[in-house]
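Written below as structure tokens is the structure these notes are about.
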Amino acid sequence: MSSIANMGGTDGWGRATAPTPDEPPFAESWEGRAFAMTLLTMGRISGRNLDSFRHALGSLDREAYLDDGYYGRWLNAAELMLTESAILAPGAVDARVRANRGESVEQPPAPEQDAKPDYKATAAGSLRTVEEAPRFAVGDRVRVKDEDPTGHTQLVGYLRGRTGVVTILQPAALLPDTHAHFLGENAQHVYAVEFDSRDLWGADAESFTLTADMFDSYLEPAS
């Protein structure tokens, strides 16, 4: 599905700036706590994985994704994972916040039984070994499939149907499209593909090259 996170080339956000060398990892102390809470929530409490976390981020509505900032959306995604795993009842966090403000709010009862996914990774991390040889080599021209998969995908919208050149063979990795929904790891070869910005956003776009890691099933040979 198209995700709100796929914002490449979107106007109105100003220039992207690189971090400064002395920049702290978290701009505010609560961000560090949000980071830790989300990591704890993802695996140990909700029973989900990194790809399902990314799917939760992309499933947030506009306000939850944009208005609360980077780590605010992490907390919103953590709440969504807890709700989907029936650790929290829908609306439980909002009710608790309002109660802490002194409002008279009836809090929803906790779910009687959790709904954690029946999932266990075959190994740590996302990298895996694929026995088959890669379909593409460095220098090959490839086209990104122009399709909109159902559910989670890392196939961003602004690259669909575009042509680029393979520049690096990356280590094989779990396919997020299935891993996010606990439908199998489906490890695939991954390629770094270089695109011309003007092929992506038109002849008037600023000239630069964009490199994106693409899973094997996202690509087809360019004629």
Side-chain angles (χ1 to χ4, degrees), residues 1-21 23 25 49-59 65-66 70 73-74 77 123-181 183-223:
M1 68 179 191
S2 295
S3 167
I4 191 173
N6 297 337
M7 301 174 70
T10 305
D11 293 328
W13 298 95
R15 295 184 64 85
T17 56
T20 58
E23 185 174 306
N49 58 43
L50 179 59
D51 289 313
S52 63
F53 166 62
R54 289 169 174 153
H55 177 61
L57 283 172
S59 301
Y65 188 87
L66 296 177
Y70 185 81
R73 78 181 59 127
W74 275 48
S126 298
L127 303 184
R128 296 290 186 273
T129 299
V130 174
E131 298 299 329
E132 295 80 7
R135 283 197 299 153
F136 305 109
V138 171
D140 284 354
R141 287 179 58 78
V142 292
R143 179 178 294 105
V144 182
K145 293 180 180 176
D146 189 6
E147 58 185 24
D148 187 10
T150 301
H152 180 70
T153 185
Q154 293 294 96
L155 179 55
V156 295
Y158 60 88
L159 295 179
R160 295 171 189 172
R162 308 299 185 180
T163 298
V165 177
V166 174
T167 57
I168 301 173
L169 303 184
Q170 303 280 31
L174 308 179
L175 180 67
D177 303 43
T178 55
H179 195 232
H181 299 293
L183 299 175
E185 295 186 341
N186 195 14
Q188 297 188 3
H189 291 291
V190 179
Y191 311 88
V193 181
E194 187 176 274
F195 301 88
D196 189 311
S197 61
R198 290 163 297 188
D199 291 337
L200 301 180
W201 297 295
D204 295 334
E206 179 182 352
S207 179
F208 61 91
T209 56
L210 180 146
T211 301
D213 285 344
M214 306 296 293
F215 286 86
D216 186 89
S217 61
Y218 294 172
L219 301 173
E220 57 190 8
S223 56

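Everything quoted here is computed from the prediction, not taken from an experiment.
- Separating the CG atom in Leu210 from the CG atom in Asp199 is a distance of 11.5 Å, to the nearest 0.5 Å.
- With sequence neighbours left out, Phe53 forms a ring-ring contact (aromatic ring centres under 6.0 Å, His included) with Trp74.
- For residues 157-168, the side chain to side chain donor-acceptor pair (under 3.5 Å) pairs, not counting sequence neighbours, are Asp148-Arg160.
- In plain terms, the two heavy atoms of Gly58 and Ser3 that are nearest each other are CA-OG, 3.3 Å.
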What side-chain donor-acceptor pairs closer than 3.5 Å can you find for residues 7-15, not counting sequence neighbours?
from, atom 1, to, atom 2, distance (Å)
Thr10, OG1, Met7, O, 2.8

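- What you find for Thr178 and Gly184 is that their closest heavy atoms are OG1-O, 2.8 Å.
- Under the side-chain hydrogen bond (donor to acceptor under 3.5 Å, both in side chains) criterion, Gln188 pairs with Ser217, sequence neighbours left out.
- Proximity of a side-chain donor or acceptor of Ser126 to a complementary backbone N or O of Leu174 within less than 3.5 Å is not detected.
- Note that the CG atom of Leu219 and the CZ atom of Arg143 stand 11.0 Å from one another [nearest 0.5 Å].
- The backbone N or O of Ala192 sits nowhere less than 3.5 Å from a side-chain atom of Thr211 that would complete a donor-acceptor pair.
- Two residues are said to be in side-chain contact when any heavy atoms from C-beta on lie closer than 4.5 Å; Met214 and Val142 fail this criterion.
- Residues Thr209 and Phe195 have side chains not in contact (no heavy-atom distance under 4.5 Å, counting atoms from C-beta outward).
- If you take NE2 on His55 and CG on Asn49, they are separated by 11.0 Å, rounding to the nearest 0.5 Å.
- Applying the salt bridge (Lys or Arg N to Asp or Glu O under 4.0 Å) test to Arg141 and every residue at least two apart in sequence or in another chain returns nothing.
- Residue Leu66 holds its CG atom at 6.0 Å from CZ of Arg73, rounded to the nearest 0.5 Å.
- In this structure, Arg135 and Pro221 approach most closely via the heavy-atom pair NH1-CD, 4.4 Å.
- Contact record, Asp213 with Val190: CB-CG1, 3.9 Å, taken as the closest heavy-atom pair.
- You'll find the side chain of Leu155 reaches within 4.5 Å of the side chain of Glu147, heavy atoms only.
- Counting heavy atoms from C-beta outward, Phe215 and Asn186 have side chains that stay 4.5 Å or more apart.
- Using a 4.5 Å heavy-atom cutoff, the side chains of Arg54 and His152 are in contact.
- Taking CD of Gln170 as the start and NE2 of His189 as the end, the distance is 13.0 Å to the nearest 0.5 Å.
- Shown here for Arg128 and Ala187, the closest heavy-atom pair between the two residues is CB-CB, 3.7 Å.
- Although no hydrogens or angles enter the test, the distance criterion places no donor-acceptor pair under 3.5 Å between the side chain of Ser197 and the main chain of Ala205.
- Scored by the side-chain hydrogen bond (donor to acceptor under 3.5 Å, both in side chains) test, Tyr218 finds Thr153, Asp177 as partners (sequence neighbours excluded).
- Distance check, rounded to the nearest 0.5 Å: OH of Tyr191 to CG of Leu169 gives 7.0 Å.
- Between Leu57 and Ala77 the shortest heavy-atom distance is CD2-CB, 3.7 Å.
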